[in-house]
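Counting starts at 1 for both ligands and their atoms, following the listed order.
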Amino acid sequence: MAKEKETVPSSLITLTIGLAVAGISLWYGQNNGLFPEQVSEQAPLVDNLFNLMTIIGTALFLIVEGAIIFAVVKFRHREGDETDATYVEGNLPLEIFWTAIPTFIVIGLGIYSVQVYNEMGGFDTVGQVAHHHQGQAVEVANMPLGRMNSLLAVDAEGNSQYGIGATPVEGLQPPDLSVDVMGVQYAWIFNYPNMGIVSGELHVPVGTDVQLNIAAQDVIHSLWLPDFRIKQDAIPGQKSQLRFVATKTGSYAIVCAELCGAYHGSMRTQIVVHDPEEFTSWVEENQIAQNPDLEQTIAVNSRELSDREFMSPYAERLGIDADSLAHLAHHEG
Ligand code: CUA
């Protein structure tokens with residue numbers, strides 16, 4: 001009588017494979033290195049969500065690809081074997097099992113991403129309203145989260161405002177620094193209304209609660225700060241906002257992320273995060289240089305001017321002449 005071939009129990013093999021897949025996925029999900037530096041308080045929230053999705057994605061990839069390779073090798077055609085394969089009708093429990101798993105994953109990720117969006121300030125009705133109308137703010141603040149689901153904040157003129165606003169932590173506090181951002185083909189103009197400064201770069205102090213009030217002059221642009229993990233469309237006739245706290249000094253990219261015309265690709269500038277003393281001296285330097293024109297900036301009604309006329313006072317300050325601005329290709333050195 002032939003002795004049966006001894007094998008490793010399949011449950012043990014499954015366990016080992018499961019542990020290996022889990023280990024590799026957990027490691028890769030947290031060490032994927034696919035994102036740039038984190039330089040805002042909001043960045044870790046986004047990255048943690050992304051890393052979780054990468055963990056799940058890696059595990060699924062290994063299981064599915066592993067099963068394919070295993071089947072290709074194990075069930076390959078052997079020489080001399082002319083028999084038909086076993087007919088398999090289906091397996092209801094198995095189908096329920098592999099439908100249930102993605103269902104729970106998708107619902108879980110959905111709930112988690114809404115929570116991240118809320119923590120970043122995506123449901124800011126409080127901050128924006130509080131900034132202008134204390135009375136209304138209290139009303140909104142008392143709403144249960146479910147009712148604050150409009151995705152829109154309402155400003156003083158009753159205009160709704162898209163974007164990332166005050167976080168639940170910041171709540172009713174107005175931002176420390178407010179900057180008006182204008183997107184034009186093909187540049188970003190940053191206006192510091194309380195300081196009388198207009199700049200082609202965004203300068204902010206580190207650790208400061210900054211709000212960007214975003215508008216567009218001509219077509220839809222998108223203000224993207226990759227290292228801060230925040231991005232918001234600039235829409236003609238529709239204000240939008242971003243609110244963030246920079247956590248690290250240095251210069252980081254600002255990119256237009258919406259195809260806006262022939263030179264869309266060159267619509268880039270930078271955000272410079274200063275320590276507070278450095279920022280103060282930047283403000284002082286620019287106020288001295290720009291202050292004489294402050295009145296004019298406020299008086300100009302952009303709607304009555306052509307693009308070139310509207311831009312020329314800014315262009316001078318940015319060190320660009322109006323002609324080159326008209327076909328601006330803003331290359332960085
Ligand atoms: Cu502006 Cu692309």
Side-chain angles (χ1 to χ4, degrees), residues 34-37 39-40 42-43 46 120 122 151-153 155 159-165 178-193 197-204 210-244 246 251-273 297 300-333:
L34 294 170
F35 273 162
E37 233 182 315
V39 293
S40 75
Q42 280 76 7
V46 174
M120 288 178 73
L151 306 190
L152 298 175
D155 71 9
N159 300 316
S160 50
Q161 195 150 325
Y162 294 95
I164 299 293
S178 239
V179 184
D180 293 339
V181 184
M182 176 67 83
V184 294
Q185 287 170 318
Y186 297 94
W188 295 107
I189 313 293
F190 301 95
N191 190 351
Y192 295 70
I197 296 174
V198 178
S199 170
E201 287 177 353
L202 179 56
H203 289 252
V204 301
V210 179
Q211 176 161 326
L212 305 178
N213 303 304
I214 304 164
Q217 169 80 7
D218 35 38
V219 298
I220 300 176
H221 303 272
S222 181
L223 186 77
W224 183 28
L225 290 80
D227 303 84
F228 295 73
R229 311 293 191 273
I230 49 174
K231 177 160 72 174
Q232 177 56 47
D233 277 4
I235 311 159
Q238 167 70 65
K239 284 178 191 167
S240 57
Q241 60 173 343
L242 281 178
R243 192 162 160 174
F244 64 94
S251 296
Y252 308 97
I254 296 179
V255 181
C256 178
E258 185 72 52
L259 183 61
C260 55
Y263 297 101
H264 154 71
S266 63
M267 191 167 164
R268 292 168 153 265
T269 181
Q270 57 178 349
I271 170 170
V272 183
V273 181
T297 315
V300 166
N301 182 347
S302 61
R303 263 173 243 174
E304 288 159 11
L305 300 175
S306 75
D307 279 2
R308 185 180 297 203
E309 284 167 335
F310 174 74
M311 285 305 298
S312 51
Y314 300 105
E316 225 169 85
R317 289 171 201 176
L318 299 172
I320 317 165
D321 68 69
D323 274 351
S324 63
L325 190 82
H327 356 221
L328 183 67
H330 183 113
H331 296 293
E332 281 171 357

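The two atoms that bring R243 and Q42 nearest to each other are O-NE2, 3.5 Å, heavy atoms only. Summarising the geometry of Q241 relative to I214, their closest heavy-atom pair is C-CD1, 4.1 Å, with the distance given to 0.1 Å. Heavy atoms only, all atoms of each residue included: Q270 and E201 are closest at NE2-OE2, 2.8 Å. The heavy-atom pair separating V46 from M120 by the smallest distance is CG2-SD, 3.6 Å.
With a cut-off of 2.8 Å, atom 1 (Cu) of ligand 1 has no N, O or S atom of H264 in range.
Atom 1 (Cu) of ligand 1 forms the vertex of an angle spanning SD of M267 and SG of C260; to the nearest 10 degrees it equals 110°. At atom 2 (Cu) of ligand 1, the vertex angle linking O of E258 with SG of C256 is 100° (nearest 10 degrees).
Restricting H221 to its N, O or S atoms, the one at the least distance from atom 1 (Cu) of ligand 1 is ND1.
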